[in-house]
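Below is one structure, written out as structure tokens; the observations come after it.
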Amino acid sequence: MDTMRERFASVVSRLLDDDPRLAVVLAEIGKDGFTDAARAHPDRVINVGIREQLLVGVGGGLALTGMRPILHTFASFLVERPFEQVKLDFGHQGVGGVLVSAAGSYDWPAGGYTHMAPGDVALLDTLDGWTVQVPGHPDEAETLLRDAAAAGDDSVYVRLSAHSNSAPRDIAPGRFLTVREGRGGVVIAVGPMLDSVLRAVEGLDVTVLYATTVRPFDERTLRATAGAAVDVVLVEPYLAGTSAAVVNDALADRPHRVLGLGIARRELRRYGTIDEHLAGQGLDPASLRERISGFLG
């Protein structure tokens, strides 16, 4: 199976052939995946080198001309480092584009904390109007990338990860998918956390919602699932509690409790592997079961 990043390069390369409005902007990272596309469309595959602020600035400039820019690098270099440019060159200018990240919260632990971005979605939450997509499988990434590329002038962030579920789900952009139903609470599994959540809740009488679009938040599905009163557990592959406020807003007229599970603010300073980082953050199936059952018990 290919990775989400490999799927991104192949899908967007084909989209460049079909849509003359699209342009790809890179900052060195990921350029090898676009070698053929750059040869075919040298004016629409632009590598600015290791200049992430320029990456975003060029994307914003292309958007001002009517192009649909697709920007790609690691999440820490795409959202955190050039955040002022994201805020001004897209938001303040009133234009849109597609930001496609890689490396997630800790996809490459050996790269150190400079290559980790657990706060990326929370940071984008400070801006208005961003759609945030978090696929859990390469097939889902393709669905969401195609939707983002065709999304008019909207601003879309697609968060790719090396961490993936074993099989794709029949997702619809903008909607949560009900994976199983129960009466003892609602667990919202975001993107690549679904497999671990399903293993964690085996035998528990809970509903599991699968979220690949987290902004805008699918309040309608949550409210339809929650009933008159509910306990909600959020399991997100980024900063713990990032979506707690939107859950509270969605259920403001009903008694409810919310537990936000995700990446803690403390830094894990050993390299390790993705699985070891999941365990260190309490996001492996055994830890999730203990935390979820303890909250809902």
Side-chain angles (χ1 to χ4, degrees), residues 8 12 15 19 21-25 52-73 75-102 104 117-135 140-141 143-160 171-176 188 190-191 211-223 234 236-239 241-252 260 262:
F8 158 67
V12 173
L15 290 174
D19 188 347
R21 187 170 173 249
L22 295 179
V24 172
V25 189
E52 287 82 9
Q53 289 89 342
L54 179 60
L55 167 77
V56 178
V58 168
L62 289 168
L64 283 169
T65 71
M67 301 290 286
R68 181 70 168 159
I70 301 174
L71 285 58
H72 175 65
T73 186
S76 56
F77 305 152
L78 185 62
V79 176
E80 293 182 335
R81 181 173 294 174
F83 180 70
E84 183 179 15
Q85 282 70 37
V86 174
K87 180 178 72 174
L88 298 179
D89 296 349
F90 283 94
H92 181 63
Q93 295 291 345
V95 295
V98 185
L99 274 58
V100 182
S101 73
D120 55 346
V121 176
L123 194 55
L124 284 177
D125 263 350
T126 66
L127 304 179
D128 181 46
W130 280 83
T131 294
V132 179
Q133 311 279 25
V134 188
E140 298 167 3
T143 297
L144 297 172
L145 285 164
R146 290 183 177 277
D147 183 74
D153 295 316
D154 294 350
S155 292
V156 183
Y157 178 51
V158 184
R159 190 183 204 263
L160 305 182
I171 63 167
R175 300 295 304 275
F176 293 170
I188 302 174
V190 175
T212 52
T213 301
V214 295
R215 301 291 183 277
F217 195 81
D218 185 6
E219 296 183 3
R220 182 172 65 174
T221 297
L222 176 59
R223 287 178 61 85
L234 279 163
E236 302 174 284
Y238 35 80
L239 196 64
T242 295
S243 297
V246 290
V247 172
N248 281 321
D249 288 345
L251 301 175

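Sorted by first then second residue, the side-chain hydrogen bond (donor to acceptor under 3.5 Å, both in side chains) pairs that include residues 81-93, not counting sequence neighbours, are Glu52-Arg81. Here salt bridge (Lys or Arg N to Asp or Glu O under 4.0 Å) pairs that include residues 53-68, with residues two or more places apart or in two chains, number zero.
With sequence neighbours excluded, the residues forming a side chain to side chain contact (heavy atoms under 4.5 Å, CB included) with Ala117 are Ala75, Ser76, Glu80, Asp120, listed by chain and number. Not counting sequence neighbours, Asp154 has no partner by the side-chain hydrogen bond (donor to acceptor under 3.5 Å, both in side chains) test. Applying the ring pair (Phe, Tyr, Trp, His ring centres under 6.0 Å) rule to Phe83 yields no partners; only residues at least two apart in sequence or on another chain are considered. The side chain to side chain contact (heavy atoms under 4.5 Å, CB included) check on Ala23 picks up Arg44, Leu62, Met67, with sequence neighbours excluded. Checked against side chain to side chain contact (heavy atoms under 4.5 Å, CB included), Thr242 has the following partners two or more places apart in sequence or in another chain: Val121, Ala122, Asp125, Arg215, Glu236, Tyr238, Leu239. Applying the side chain to side chain contact (heavy atoms under 4.5 Å, CB included) test to Arg223 and every residue at least two apart in sequence or in another chain returns Leu251, Asp253, Arg254. Under the side-chain hydrogen bond (donor to acceptor under 3.5 Å, both in side chains) criterion, Asp153 pairs with Arg21, sequence neighbours left out. In terms of the ring pair (Phe, Tyr, Trp, His ring centres under 6.0 Å) criterion, Phe90 has no residue partners (sequence neighbours excluded). With sequence neighbours excluded, the residues satisfying side-chain hydrogen bond (donor to acceptor under 3.5 Å, both in side chains) with Thr221 are Arg175, Asp218. Residues passing the side-chain hydrogen bond (donor to acceptor under 3.5 Å, both in side chains) test with Thr73: none are found, sequence neighbours excluded.
The heavy-atom pair separating Leu22 from Ala149 by the smallest distance is CD2-O, 3.9 Å. The shortest non-hydrogen separation linking Gly59 to Pro69 is O-CG, 3.3 Å. Residues Pro135 and Arg159 share a closest heavy-atom pair of CD-O, 3.5 Å. Of all non-hydrogen atoms in Leu222 and Ala250, the two that sit nearest each other are CD2-CB, 4.2 Å.
The aromatic rings of Phe176 and Phe217 lie perpendicular to each other, with more than 60° between the two planes, well past the 30° mark.
Environment of CG in Asp128: sparse, with no more than 12 heavy atoms of neighbouring residues, nucleotides or ligands closer than 6.0 Å.
Here the straight-line distance linking atom OG of Ser243 with atom CD1 of Ile188 works out to 7.5 Å at 0.5 Å rounding. A distance of 13.5 Å separates CG in Leu144 from CZ in Phe8, rounded to the nearest 0.5 Å.
Two residues are said to be in side-chain contact when any heavy atoms from C-beta on lie closer than 4.5 Å; Pro237 and Val134 meet this criterion. Within the 4.5 Å cutoff, no side-chain heavy atoms of Thr213 are placed close to those of Ile171. Using a 4.5 Å cut-off on side-chain heavy atoms (C-beta onward), Val12 and His72 make no contact.
With Thr131 contributing its side chain and Val156 its backbone, the two residues share no donor-acceptor pair below 3.5 Å. For the pair Asp147 (side chain) and Thr143 (backbone), a donor-acceptor distance under 3.5 Å is absent.
Between Leu78 and the choices Val100, Val86, Leu99, the side chain to side chain contact (heavy atoms under 4.5 Å, CB included) rule is met once, by Leu99.
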